[in-house]
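The structure under discussion appears below in the form of structure tokens.
The shown structure was predicted, so the numbers you read here are calculated from the model rather than taken from an experiment. Start at 1 with the first residue, then count along the sequence.
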Amino acid sequence: MPTEFLTYLKRRIKPQWRTAFFAALIFGLLIHMPVLISDIPNHDGLDSMYFDQNMITSGRFFLTVACGFSSYYTIPWLIGLIGLLFLAATCAALTELLEIEDSLVIILLSGLLVSFPALASTFAYVFTMDGYMMGLFLSVLSVLLVRKTSKGFIWGGISLALSMGIYQAYLPFAIILSIYSVIVILIDGGNVRDKIKSIFNYLYMGITGVALYYIILQVLLKIEGKELAGYQGISGMDSIGIGEGIGSTLIYIYKDFVSFIVKGNVLFHSVYSTVALLVLTALSLLVLLGMCFERKWWKNPVFFVIMVLLVSGLPVATNIILIISPNVTYHLLMRYQYILYPVLMLAFIYRYGAGVKARLRVFAAWGAAVSAAVMLFCYAVTDNIGYSNLQKRYEKTYAYCIRLLDRIEQTEGYYQGIPIAIVGVVGYVPYPETDITGDVTSGMIGLSGDYLLYTGSNYQEFIKNYLGATLNFLEPEEVSDIYYSEEYIEMESFPGETSVKIIDGVLCVKTENTGRD
């Protein structure tokens, strides 16, 4: 009976899971409410008011299933809430994986995951938010299944394959968590044979998951008669990690890893978040050093060699997408895994801090808790600065398009259905930059900038869905000849007097600067 089943389920749910789940849900609602209760699209959202998410040519064969729960319409509140539920489940799974029992640590861990700016950028693409968060959950679940179940590498491999079928960018979550789990196995006591078996199970899971993902993808591509697209270099998956450029790719991976941490303008924006992250890092090293002396690891050089190899592999694990797709535009949505570093440092301090001297243990616990809380708050502020700018982008775009639509309809010779040629960007000379959040949002794709308009289709969708006018915009390939014509070059940028005119039966609108005005 359903009632008995729910009672049984309630008994099986650990208090730690409930704490993580509800902490994530509450933090998620408090931090991301501005975007949940508003209909504020970004540039991609304008073209995705209804989108079936069939992106198999980008390798995302399971995305259409994952996003199907909320329909394929952009409904921010519903999609966002479903996404937060998956994220809350991810926090619960991570709590179990890291074996955290301290309620405060669980709350801080959930808060860090929910507040990290990469999630705010994902919310800017709210039309796919629920699917992506399911992908994140499946990625973390894949490692948990290896840790907690018999033959877990099989079930974990299936989970990882489905996660990659939603969004390949969450693969680093599984790899980093697997590396951390291996480190825990090496640190903790136990039979050497059992340790080796457990370590190899994570490797088997990864191989199984990637192989299964590739096989399913190739079969579905054959069935649908499609090929991988060149978008984001995804078509290069067939040659992952192979070729003359692997050495330079690895060098680039390490450089990018350091560059994003130091200059990415995401992990820290202010002196508060910077100090908090540095303190958390220092405390982790301090606990590690204390364990080293108390357990006499310094007498076993083999241990150090293994640990160095594992830690040196973390940048590669973090940026594995650069091996899968070397030509990828590596934006913030793909960097969510960086939040695992403060999360794992927090978990490490509380897991192993008890094994060091009492004075150090108390100092590390308090320092870690305060640092995590400061980072959580700073990230929440950053997210809302981004959402504030997204709202202003919408308002400025709305005002701009009203003026533009009025000029189009008032142009002599205009009639309903006349072909319209427009490129997309907004000229920076007549409309100089007004965004004051650049120091904070510069790295937050989807939330930065002044306007939502980058292509002609952006104008078309915005005017249709928000101004209620359907215009006959030409396709980009039909605009190219007009764009390079002398008549178009001589036009002024909007709102100049000659910025809208009819050329050979086509109403041409010049918005961007060409340097030839």
Side-chain angles (χ1 to χ4, degrees), residues 21-51 53 66-91 107 110-134 136-137 332-333 336 376-402 435-437 440-441 444-453 458 461-468:
F21 185 90
F22 287 109
L25 194 59
I26 292 170
F27 276 127
L29 292 173
L30 289 175
I31 295 170
H32 304 290
M33 187 67 75
V35 76
L36 287 174
I37 60 176
S38 304
D39 184 5
I40 314 174
N42 69 358
H43 54 282
D44 275 0
L46 291 174
D47 294 317
S48 304
M49 296 296 177
Y50 177 86
F51 181 31
Q53 301 291 348
C67 291
F69 293 102
S70 59
S71 81
Y72 298 121
Y73 292 94
T74 298
I75 312 171
W77 172 251
L78 177 61
I79 294 174
L81 189 57
I82 293 175
L84 284 178
L85 290 173
F86 277 121
L87 183 57
T90 301
C91 292
I107 291 170
S110 299
L112 286 172
L113 276 170
V114 170
S115 63
F116 192 54
L119 184 65
S121 277
T122 307
F123 262 112
Y125 296 81
V126 70
F127 56 90
T128 194
M129 173 73 184
D130 51 348
Y132 279 12
M133 291 300 98
M134 180 192 287
L136 177 66
F137 171 69
L332 189 57
L333 266 71
Y336 194 15
L376 193 168
F377 179 77
C378 290
Y379 290 157
V381 172
T382 297
D383 295 343
N384 278 271
I385 291 173
Y387 293 146
S388 175
N389 190 58
L390 181 59
Q391 175 69 44
K392 291 177 176 63
R393 291 177 70 197
Y394 168 79
E395 299 289 355
K396 284 183 277 192
T397 302
Y398 188 90
Y400 179 85
C401 285
I402 283 181
D435 173 25
I436 61 173
T437 69
V440 177
T441 62
M444 300 175 69
I445 184 172
L447 297 171
S448 59
D450 271 300
Y451 295 93
L452 306 175
L453 307 167
N458 290 158
E461 295 302 319
F462 191 93
I463 291 173
K464 179 177 68 175
N465 290 302
Y466 292 94
L467 303 184

Would you say the side-chain atoms of [X] pair up with the backbone N or O of [Y], donor to acceptor, closer than 3.5 Å?
{"X": "Arg393", "Y": "Ser448", "answer": "yes"}
{"X": "Asp450", "Y": "Asp435", "answer": "yes"}
{"X": "Ser388", "Y": "Asn384", "answer": "no"}
{"X": "Thr397", "Y": "Leu452", "answer": "yes"}
{"X": "Gln53", "Y": "Phe127", "answer": "yes"}
{"X": "Tyr451", "Y": "Tyr394", "answer": "no"}

Carefully, step by step, assess Ile107 and Phe27 under the rule side chain to side chain contact (heavy atoms under 4.5 Å, CB included).
CA-CA 9 Å; Ile107 291 170; Phe27 276 127; 3.7 Å; yes
If you round to the nearest 0.5 Å, how far is [atom2] of [Y] from [atom1] of [X]?
{"X": "Glu461", "Y": "Asp47", "atom1": "CD", "atom2": "CG", "answer": "5.5 Å"}
{"X": "Tyr398", "Y": "Ile463", "atom1": "OH", "atom2": "CD1", "answer": "11.5 Å"}
{"X": "Leu87", "Y": "Met134", "atom1": "CG", "atom2": "CE", "answer": "13.5 Å"}

Steps toward side chain to side chain contact (heavy atoms under 4.5 Å, CB included) verdict (Phe137, Tyr132):
CA-CA 9 Å; Phe137 171 69; Tyr132 279 12; over 6 Å; no
If you compare all heavy atoms of [X] against all heavy atoms of [Y], which two are closest, and at what distance to 0.1 Å?
{"X": "His43", "Y": "Gly446", "result": "CE1-CA, 4.5 Å"}
{"X": "Asp383", "Y": "Ser115", "result": "OD2-O, 2.6 Å"}
{"X": "Phe69", "Y": "Ala66", "result": "CD1-O, 3.4 Å"}
{"X": "Leu84", "Y": "Leu25", "result": "CB-CD1, 4.1 Å"}
{"X": "Asp130", "Y": "Ile82", "result": "CB-CG2, 3.7 Å"}
{"X": "Pro76", "Y": "Thr74", "result": "CD-O, 3.5 Å"}

With sequence neighbours excluded, what pairs up with Lys392 under the salt bridge (Lys or Arg N to Asp or Glu O under 4.0 Å) test?
none
Pairing donors with acceptors under 3.5 angstrom, does anything connect the side chains of Thr441 and Asn389?
no
Could you tell me if the ring centre of Tyr50 sits under 6.0 Å from that of Tyr73?
yes
Test side chain to side chain contact (heavy atoms under 4.5 Å, CB included) on Cys401 and Leu467 and set out the steps.
CA-CA 8 Å; Cys401 285; Leu467 303 184; 3.7 Å; yes
Can you give each donor-acceptor pair under 3.5 Å made by side-chain atoms of residues 116-125, sequence neighbours left out, with the distance rounded to 0.1 Å?
unit_1 : atom_1 : unit_2 : atom_2 : d
Ser121 : OG     : Ile445 : O      : 3.0
Thr122 : OG1    : Ala118 : O      : 2.9

Donor-acceptor list for residues 31-39 side chains, cut-off 3.5 Å, not counting sequence neighbours:
unit_1 : atom_1 : unit_2 : atom_2 : d
His32  : ND1    : Tyr387 : OH     : 2.6
His32  : NE2    : Val114 : O      : 2.8
Ser38  : OG     : Pro34  : O      : 2.8
Asp39  : OD1    : Tyr466 : OH     : 3.3

Should the heavy atoms of other residues, nucleotides or ligands under 6.0 Å from CD1 of Ile436 be counted, would the total exceed 12?
no
Before giving the answer on side chain to side chain contact (heavy atoms under 4.5 Å, CB included), spell out for Leu85 and Phe21 the whole-Å C-alpha distance, their side-chain angles and the decisive distance to 0.1 Å.
CA-CA 8 Å; Leu85 290 173; Phe21 185 90; 3.8 Å; yes
